[in-house]
Amino acid sequence: RSPLVSKNSVLTRLTNPGYQWFPWEGQPSTLTPKGERLERRMGTFFHEWLEKKGFLSDYSADSHTFRFYANAKQRCQVTATQFAEALLPGAKPSIEMNVPFDTMDPVFNPQITKISDQFTAKAQEEIRNLFGDDLNAGIAKGYTLLQTVIDITHAPAYPDTTSFSQYPSSVGFKLNAEPFMTGGLKMACTVSDALSLQYYEEPDEKKAAFGHDLTFDDWVTVASVKEWYGDVLFTAPSVAVNVAHPLLQVILDEMQDEKRVFTLLCGHDSNIGSVLSALDAEIPDLPGSVEKRTPIGGKLVFESFKDADGNQYADLLLVYATAAQLRAESALTYGNPPAGVRLKLKGLHENADGLYALTD
C-alpha cells in the first residue's frame, strides 16, 4: 500500500528537500498496483495448498463452504479480491463488506469496546511494564537511523525538530476509538512506515534509502519503529483482549462451523498484533522478514483438524512472503514457497501431533 499520509505532509517537513519519496499511485493508505500483484501471488500459493489437500472441489458460488470477508477500506477490499480471484481462478467469488465503503467495520476496527478507570490504569501499567516509562528510549536506535536516512538536520522542520525523542510519547484510550498516541513515536512511525514501503516498491535499494547503503539488518531497524508503535498501542494484554474480542469471536465461529472449508478475514497488521497478543502467542524469529511481528501481507493461518472420535484440534501458522520475494515479486509456489512459522501459545499443551485442542 501507499503510506498512511501524503508525501506533502509530515514526511516532507522531516526530510531533506533534495530527497524524493517514491511516487506512489493513488490516495494515501490504498493498495498499490504492486500490492495487488503480490496478493495474487499469495492467492496462487494457497490455491496450490488447498488443491493438494483436496478442498477446492468443495467450492461453489452459492455454497457456504468458502467465505471472503474484508474490512471496508479500499486496501482490504482489493487485497481480498486479488487473493480470492487467484485462489479460485475464474470463479469470481464475492467479497463480503458489512459497512459502507471506506469506513471501519467493528469486527476489524481495533477500538476500545469497554472502558473504565480500572481498565485504563491497568493498561497503562502493562504498557510501562512492557515498554518502559519512556516510550522513546526503548526505540532510540531506530530513531537515530531514521533521522540519518531522512537527513533531518537539513529538513524544513529543523531546527524546531531536531529528533523524534524531543517529544515525549504517551498512549490514551477512548471508548469506541482506537488507542491513540501522541509525541515523537507517532511522528517516527509515519517515517518508518513510509521508508519500509519505499523499500518494497523501489527496485533500487540504495535509492530507497535516499542514497545510504543500508544492510538488511538496517532495514529491520527501520521497520522496528513502526512495529514498536503498533506493539505499544495494541499488544498490552488488557488492550489486546479488549480490541481483538470481536475478531476473535468471528475466528472461533468460523472454526466451529462444520460446513465451512475456507475463510479469509482481511484486516490490518493491528488485527494480527492484537489477536496474537490476546492469544498469548510466542512469535519466533521470522526469517527473511524486516518486520519481526506482523510481516506485510502476512497471513495468520488457523487450521482445524478432527480425530476419529470427533475431537477438534487447531494448528497456528504465520505465512508471509520474505522481503526478497516481495521486492522481486517472486512467484509463490510449492517450489518457491513463502516463509512460514508455527506459533506456540503460552500455557497450552500440544498433543503428539503438535496440535492444540480447540476447546483449549
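Fair warning: this is a prediction, and the values are worked out from it, not measured in the lab.
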Going from OG on S170 to CE on M181, what distance comes out if it is rounded to the nearest 0.5 angstrom?
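Interatomic distance, S170 OG to M181 CE, rounded to 0.5 Å: 8.0 Å.
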Using only heavy-atom distances, determine whether the side chains of [X] and [Y] contain a donor-acceptor pair under 3.5 Å.
| X | Y | answer |
| --- | --- | --- |
| T161 | Y167 | yes |
| D151 | T153 | yes |
| T32 | S2 | no |

Would you find more than 12 non-hydrogen atoms of other residues, nucleotides or ligands less than 6.0 Å from [X] atom [atom1]?
| X | atom1 | result |
| --- | --- | --- |
| H47 | NE2 | yes |
| D117 | CG | no |
| K174 | NZ | no |

Taking the six-membered ring for Trp, are the ring centroids of [X] and [Y] within less than 6.0 Å of each other?
| X | Y | result |
| --- | --- | --- |
| F45 | Y334 | yes |
| W49 | F46 | yes |
| F119 | F173 | yes |

In this structure, would L56 and V319 fall into the same cluster of hydrophobic residues linked by side-chain contacts under 4.5 Å?
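Both belong to a single hydrophobic cluster.
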Could you tell me if R327 sits above the aromatic ring of Y200, with its cationic atom closer than 6.0 Å to the ring centre and no more than 45 degrees from the axis?
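So R327 doesn't make the cation-pi contact.
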Going by salt bridge (charged side-chain N to carboxylate O under 4.0 Å, His left out), name the pairs with one or both residues in residues 17-38, residues two or more places apart or in two chains.
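For residues 17-38: R37-E329.
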Whether F210 and Y19 hold their rings parallel, tilted or perpendicular, with breakpoints at 30° and 60°:
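Geometry flag for Y19 against F210: parallel rings.
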What I want to find out is whether R75 reaches E39 closely enough, with some N-O distance under 4.0 Å, to be called a salt bridge.
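Salt bridge absent between R75 and E39.
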Does a salt bridge link K292 with D231, judged by any charged N lying under 4.0 Å from a carboxylate O?
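Salt bridge: no.
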Taking side-chain hydrogen bond (donor to acceptor under 3.5 Å, both in side chains) as the cut-off, I'd like each qualifying pair that reaches into residues 253-265, sequence neighbours left out, listed once.
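As it turns out, the side-chain hydrogen bond (donor to acceptor under 3.5 Å, both in side chains) pairs with a partner in residues 253-265, which skip direct neighbours, are H64-D257, R67-E254, Q249-D253, E254-R260, E254-T263, E258-K306.
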Listed by chain and number, what are the salt bridge (Lys or Arg N to Asp or Glu O under 4.0 Å) partners of E282, not counting sequence neighbours?
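Residues passing salt bridge (Lys or Arg N to Asp or Glu O under 4.0 Å) with E282: none at all.
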